[in-house]
Amino acid sequence: MGGIVTWTGSTDTVWSTAGNWSAGAGGTAPPASDDDVIIENVSNDPVLDAPDTINSLKIIAGGIFDGNNHELTIGGKNGAGLSAVLDGIITGTDTDLTITIADATILDLEANEGGAIRNLTINHASCVATLERDTTLTGALTITAGELDTGADKDLTVTGECLVGTGTATLTLNDSAVELGALKIDSSTATVTATSSGTLNLTAGGFTYDYSVYNNG
């Protein structure tokens, strides 16, 4: 069991520098895979310098995070039941998250103060991730295994393509207004469901397979 590890930026902007972190009871600096990470509003903003895995991520108001084209994997959730809470800023255009929790969780992915996640991947058969707020991804959504649920009516915009499953994967759209660049349903065990009150618009097409909708199930 990890602990809470807070970004201080005491040394530089490098994520993997131990001196940039304050570790609470049970935590390690830099954070380990079972640690809940909090990004504070400090002078040196963290820049991910290699792929990493943590338990949960919270960016508080004024806090800034740059994924720097590296994958940040989140394998758990904090005490409030959320895997990610983005109350601050995502800087740059290359922040990618992968969610691998084997449980139900909540994702608060719309950065309150600017920026956006690029690519989001859901990848655990037991994961049921529900959006807390309207969410925009500037890249792709990939549900390799598990489920992404928009909640009752949270809107979802994916500028790039949405790939639902090479295994058991589900995209549940409910009453939401959803815009996808393109949609690929990639296996007979993958599903996309919506209610009659929701809307699904495909805005671009012409991505990897030159399609707007491709059902390989």
Side-chain angles (χ1 to χ4, degrees), residues 1-9 14-18 20-42 45-68 70-92 94-113 115-137 141-151 154 156:
M1 186 68 177
I4 296 174
V5 183
T6 303
W7 175 264
T8 63
V14 180
W15 178 275
S16 63
T17 300
N20 286 323
W21 298 95
S22 174
T28 60
S33 61
D34 56 355
D35 287 327
D36 296 314
V37 170
I38 297 177
I39 306 300
E40 295 273 9
N41 180 5
V42 294
D45 303 316
V47 177
L48 196 62
D49 56 314
D52 202 4
T53 300
I54 59 176
N55 191 64
S56 71
L57 174 67
K58 181 174 183 179
I59 306 175
I60 70 167
I64 300 174
F65 174 70
D66 184 355
N68 192 34
H70 297 294
E71 195 81 14
L72 183 62
T73 298
I74 297 175
K77 56 186 174 182
N78 62 23
L82 289 90
S83 291
V85 183
L86 308 185
D87 288 336
I89 299 169
I90 298 295
T91 190
D94 52 7
T95 294
D96 301 333
L97 297 182
T98 293
I99 310 299
T100 60
I101 182 174
D103 199 357
T105 190
I106 298 171
L107 302 179
D108 184 354
L109 297 180
E110 191 74 2
N112 267 355
E113 298 176 335
I117 299 298
R118 179 177 60 177
N119 300 321
L120 174 67
T121 300
I122 308 295
N123 191 15
H124 196 288
S126 299
C127 178
V128 180
T130 301
L131 298 181
E132 175 81 354
R133 292 186 291 154
D134 297 348
T135 299
T136 296
L137 304 176
L141 169 63
T142 303
I143 307 172
T144 306
E147 179 178 354
L148 180 68
D149 190 312
T150 61
K154 304 301 185 294
L156 173 64

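Residues: numbered from 1 along the sequence shown.
Here salt bridge (charged side-chain N to carboxylate O under 4.0 Å, His left out) pairs that include residues 121-131, with residues two or more places apart or in two chains, number zero. A side chain to side chain donor-acceptor pair (under 3.5 Å) check over residues 21-38, counting only residues at least two apart or in different chains, returns the pairs T28-D35, D36-N55, D36-S56.
Minimum heavy-atom separation, T95 to F65: CG2-CE2, 3.7 Å. In terms of heavy atoms, P30 sits closest to S16 at CG-O, 3.5 Å. Across I90 and I59, no two heavy atoms sit closer than the pair CD1-CD1, 3.8 Å.
No hydrogens or angles considered: nothing links the side chains of T6 and E40 as a donor-acceptor pair under 3.5 Å.
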Which donor-acceptor pairs under 3.5 Å do the side chains of residues 80-87 make with protein atoms, sequence neighbours left out?
| unit_1 | atom_1 | unit_2 | atom_2 | d |
| --- | --- | --- | --- | --- |
| S83 | OG | G76 | O | 2.6 |
| S83 | OG | T105 | OG1 | 2.7 |
| D87 | OD1 | N112 | ND2 | 3.4 |

Atom pairs and distances, donor-acceptor, side-chain atoms in residues 119-130, under 3.5 Å, two or more places apart:
| unit_1 | atom_1 | unit_2 | atom_2 | d |
| --- | --- | --- | --- | --- |
| N119 | OD1 | A140 | N | 2.7 |
| N119 | ND2 | D96 | OD1 | 3.4 |
| H124 | ND1 | S126 | N | 3.0 |

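The CG atom of D149 lies 10.5 Å from the CG atom of L107; values are rounded to the nearest 0.5 Å. Rounding to the nearest 0.5 Å places CG of D134 at 9.5 Å from OG1 of T150. Summarising the geometry, atom CD1 belonging to I117 is positioned 4.0 Å from atom CG belonging to L97; distances are rounded to the nearest 0.5 Å.
Atom CD1 of I4 has 12 or fewer heavy atoms from other residues, nucleotides or ligands within 6.0 Å.
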inquiry  = The test is side chain to side chain contact (heavy atoms under 4.5 Å, CB included); show your working for L48 and L72 and say whether it passes.
reply    = CA-CA 8 Å; L48 196 62; L72 183 62; 4.1 Å; yes

request  = Start with the C-alpha gap between I39 and L57, add the side-chain angles, then the distance that decides, and say whether side chain to side chain contact (heavy atoms under 4.5 Å, CB included) holds.
outcome  = CA-CA 8 Å; I39 306 300; L57 174 67; 4.0 Å; yes

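In this structure, the side chains of V5 and I54 stay at 4.5 Å or more apart for every pair of heavy atoms. Counting heavy atoms from C-beta on, the side chains of L131 and L156 come closer than 4.5 Å. You'll find the side chain of D49 stays beyond 4.5 Å of the side chain of T17, heavy atoms only.
Checked against salt bridge (Lys or Arg N to Asp or Glu O under 4.0 Å), K58 has no partners two or more places apart in sequence or in another chain. Qualifying side chain to side chain contact (heavy atoms under 4.5 Å, CB included) partners for E110, counting only residues two or more places apart in sequence or in other chains: R133, T135, T136.
E113 places a side-chain N or O within donor-acceptor distance of the main-chain N or O of G62, the cut-off being under 3.5 Å.
Just one of V47, N68, D52 meets the side-chain contact (heavy atoms from CB on, under 4.5 Å) condition when paired with W15; it is D52.
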